[in-house]
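A note on names: the letters A, B, ... follow the listed sequences, proteins ahead of strands, and every chain is numbered from 1.
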2 protein chains.
Amino acid sequence: MDQHLPHQHRLPQHLLRAREAVMAYFRPLLNGFGLTEQQWRIMRLLDDRGEMEAGMVADLACILSPSLTGILVRMEKAGLIHRRKDKTDSRRLIVSLSDSGRALTHQISPLSAACYQQIEQHFGEAKLSQLLQLLAELEQLPTPSQASETASSNGESEPDA
Amino acid sequence: MDQHLPHQHRLPQHLLRAREAVMAYFRPLLNGFGLTEQQWRIMRLLDDRGEMEAGMVADLACILSPSLTGILVRMEKAGLIHRRKDKTDSRRLIVSLSDSGRALTHQISPLSAACYQQIEQHFGEAKLSQLLQLLAELEQLPTPSQASETASSNGESEPDA
DNA sequence: TCTGAATGATGAACATCTTAACATTTCGTA
DNA sequence: TACGAAATGTTAAGATGTTCATCATTCAGA
């Protein structure tokens with residue numbers, strides 16, 4: 001009757017559900033300011049680290065470049081950021097927070113922190129830091145291609161010289 | 001110089017990154033069969049539990065109903081599932097796996113399990129089950145509205161009578 | 001029985017994701 | 001110097017996410 005698969009833990013699904021549970025706390029706040037998750041991630045990033053290339057924004061904010069292109073255009077149109085080309089290498093796009101974007105970031109930040117406090121309070125500080133540790137390790141999983149390279153004894157990776 | 005915010009753990013971002021690292025293992029497999037993540041989630045669900053209402057699919061597969069509507073239409077068009085109205089309550093939509101959908105599911109399942117084994121091997125069985133436990137607990141976070149109700153002593157929730 | 005609230009799904013509008021193809025610019029090198 | 005490869009963004013097309021509105025159906029109660 002119940003044919004439960006032996007190793008079917010559905011890790012991706014649990015990661016998704018957990019994320020939804022957490023985002024339920026932040027989403028109303030961001031919506032109230034007319035921001036999307038992704039826009040808020042980018043704003044915090046730029047506020048924390050200052051201006052940077054689009055590629056680095058993509059990496060750090062976990063956004064693929066084709067998505068990022070549109071997001072940055074809309075954010076510039078909304079007056080949140082500036083976009084300019086790198087003078088040395090005109091392939092590169094430099095993204096920076098505008099003054100009003102920075103002001104908005106500083107306005108939202110404490111509210112976001114308060115949301116986070118709520119979550120921490122409900123879930124428990126110890127479990128939270130334990131979870132973050134495990135997630136950080138999971139993020140370091142070798143890429144499937146890397147994994148297969150390791151499996152075969154001849155490392156196809158670039159020689160470091 | 002480095003102005004790291006005190007309680008800025010970025011839990012949602014880590015959940016997202018971790019999920020990406022894991023999905024990198026599954027995505028090529030599903031793409032090879034022309035399936036999306038969501039479609040595969042739905043197929044496994046229907047194979048495991050048999051036919052069910054669309055609403056339950058949405059809940060269990062973590063898909064919002066407006067998205068689900070289109071996904072189910074496309075899956076039926078692809079011959080993976082059947083859709084029919086409940087005879088008793090014609091508001092409800094009953095979704096079931098087609099024969100070819102079931103065959104495809106059974107074809108992919110062992111390959112998916114093999115991917116999972118790889119991940120388990122790299123990450124470690126103990127840490128994996130520990131992580132799953134924490135995620136399951138995090139999913140149980142009270143909704144922000146529930147949390148605020150609990151905070152105020154007068155429960156505004158529906159009286160159970 | 002009739003009406004208004006509740007329920008389940010869909011429609012609409014916009015944003016984002018995902019993959020593949022392109023365009024531009026830069027760099028290494030013959 | 002000119003050519004081809006690599007790096008960086010952008011377009012394109014289709015699928016999904018997100019919020020709000022709407023439609024059809026059912027249900028509860030006057």
Side-chain angles (χ1 to χ4, degrees), chain A residues 12-13 16-17 19-20 23-24 26-43 52-78 80-81 83-95 158, chain B residues 12-13 15-17 19-20 23-24 26-43 52-78 80-81 83-95 158 161:
Chain A
Q13 214 136 337
L16 183 56
R17 283 177 185 286
R19 186 164 194 282
E20 281 311 303
M23 284 311 302
F26 292 100
R27 231 189 285 278
L29 171 62
L30 298 181
N31 283 352
F33 288 94
L35 296 176
T36 66
E37 285 179 44
Q38 293 81 357
Q39 292 172 341
W40 173 238
R41 267 185 273 162
I42 293 170
M43 289 171 68
M52 64 180 77
E53 301 172 18
M56 181 163 292
V57 174
D59 282 345
L60 296 177
C62 261
I63 297 174
L64 294 179
S65 35
S67 298
L68 189 62
T69 296
I71 294 173
L72 293 181
V73 168
R74 282 182 285 273
M75 288 181 77
E76 185 176 47
K77 195 172 301 178
L80 297 171
I81 62 167
R83 298 188 314 154
R84 69 169 199 277
K85 286 193 174 181
D86 185 346
K87 287 171 184 172
T88 310
D89 184 343
S90 57
R91 289 174 302 184
R92 300 169 191 275
L93 182 70
I94 309 288
V95 185
E158 59 271 84
Chain B
Q13 215 135 336
L15 289 165
L16 182 57
R17 285 177 183 285
R19 188 167 194 281
E20 282 309 304
M23 284 311 300
F26 291 101
R27 232 189 283 278
L29 172 62
L30 298 181
N31 283 353
F33 288 93
L35 295 176
T36 66
E37 283 179 44
Q38 293 81 357
Q39 292 172 342
W40 173 239
R41 267 186 274 162
I42 293 171
M43 290 171 66
M52 65 180 75
E53 301 171 18
M56 182 165 291
V57 174
D59 282 346
L60 295 177
C62 259
I63 297 174
L64 295 180
S65 34
S67 296
L68 189 63
T69 296
I71 294 174
L72 292 181
V73 168
R74 282 182 286 272
M75 288 180 77
E76 185 176 48
K77 195 172 300 178
L80 297 171
I81 62 167
R83 298 189 316 153
R84 69 169 198 277
K85 286 193 174 182
D86 185 344
K87 288 169 182 172
T88 310
D89 184 343
S90 56
R91 289 173 302 184
R92 300 170 191 276
L93 183 70
I94 309 289
V95 186
E158 59 272 80

Side-chain N or O of [X] less than 4.0 angstrom from OP1 or OP2 on [N]?
{"X": "A:Q38", "N": "C:dC17", "value": "yes"}
{"X": "A:R92", "N": "D:dG9", "value": "no"}
{"X": "B:R83", "N": "C:dG8", "value": "no"}
{"X": "B:N31", "N": "C:dT18", "value": "no"}

Just how far, in rounded Å, is [atom2] of [N] from [atom1] of [X]?
{"X": "A:F33", "N": "D:dT18", "atom1": "CZ", "atom2": "C1'", "answer": "19 Å"}
{"X": "B:M52", "N": "C:dG8", "atom1": "CE", "atom2": "C1'", "answer": "16 Å"}
{"X": "A:L64", "N": "C:dA20", "atom1": "CG", "atom2": "P", "answer": "12 Å"}
{"X": "B:W40", "N": "D:dA15", "atom1": "CH2", "atom2": "C1'", "answer": "19 Å"}
{"X": "B:I63", "N": "C:dT16", "atom1": "CD1", "atom2": "C1'", "answer": "16 Å"}
{"X": "A:Q39", "N": "D:dG17", "atom1": "CD", "atom2": "C1'", "answer": "14 Å"}
{"X": "A:L29", "N": "D:dT18", "atom1": "CG", "atom2": "P", "answer": "16 Å"}
{"X": "A:R27", "N": "C:dT16", "atom1": "CZ", "atom2": "C1'", "answer": "12 Å"}

* Presence of salt bridge, B:E53 and B:K85, under 4.0 angstrom -> no
Considering only side-chain heavy atoms of [X], which listed nucleotide, [options], is closest?
{"X": "A:T36", "options": "D:dT18, D:dA15, C:dA15", "result": "C:dA15"}
{"X": "A:L93", "options": "C:dA9, D:dT19, D:dT10", "result": "D:dT10"}
{"X": "A:T69", "options": "C:dT10, D:dT11, D:dT18", "result": "D:dT11"}

Looking at [atom1] of [X] and [atom2] of [Y], how far apart are the two atoms once the value is rounded to the nearest 0.5 Å?
{"X": "A:L72", "Y": "A:L93", "atom1": "CG", "atom2": "CG", "result": "6.5 Å"}
{"X": "A:M43", "Y": "A:R41", "atom1": "CE", "atom2": "CZ", "result": "13.5 Å"}
{"X": "A:R92", "Y": "A:R84", "atom1": "CZ", "atom2": "CZ", "result": "13.0 Å"}
{"X": "A:L29", "Y": "A:L35", "atom1": "CG", "atom2": "CG", "result": "9.0 Å"}

* Of A:I94 and A:E20, whose closest DNA chain D nucleotide lies nearer the 5' terminus? -> A:I94
* Test B:S67 against B:Q38 for side chain to side chain contact (heavy atoms under 4.5 Å, CB included), laying out the working first. => CA-CA 10 Å; B:S67 296; B:Q38 293 81 357; over 6 Å; no
* Looking only at non-hydrogen atoms, find the nearest pair between B:I42 and B:A61 and report the distance. => CG1-CB, 4.3 Å
* Contact class for A:L68 vs. all strands (heavy atom < 4.0 Å): base, sugar-phosphate, or nothing? -> nothing
* **Counterpart residues, salt bridge (charged side-chain N to carboxylate O under 4.0 Å, His left out), relative to A:R19 (two or more places apart)** => A:E37
* Given DNA chain C, 5'-ward residue of the pair A:E37 and A:D86, judged by closest heavy atom -> A:E37
* Reading nucleotides 21-29 of chain D from the 5' end, what letters show protein touch, with B for base, S for backbone sugar-phosphate only, - for no heavy atom under 4.0 Å? -> ----BS---
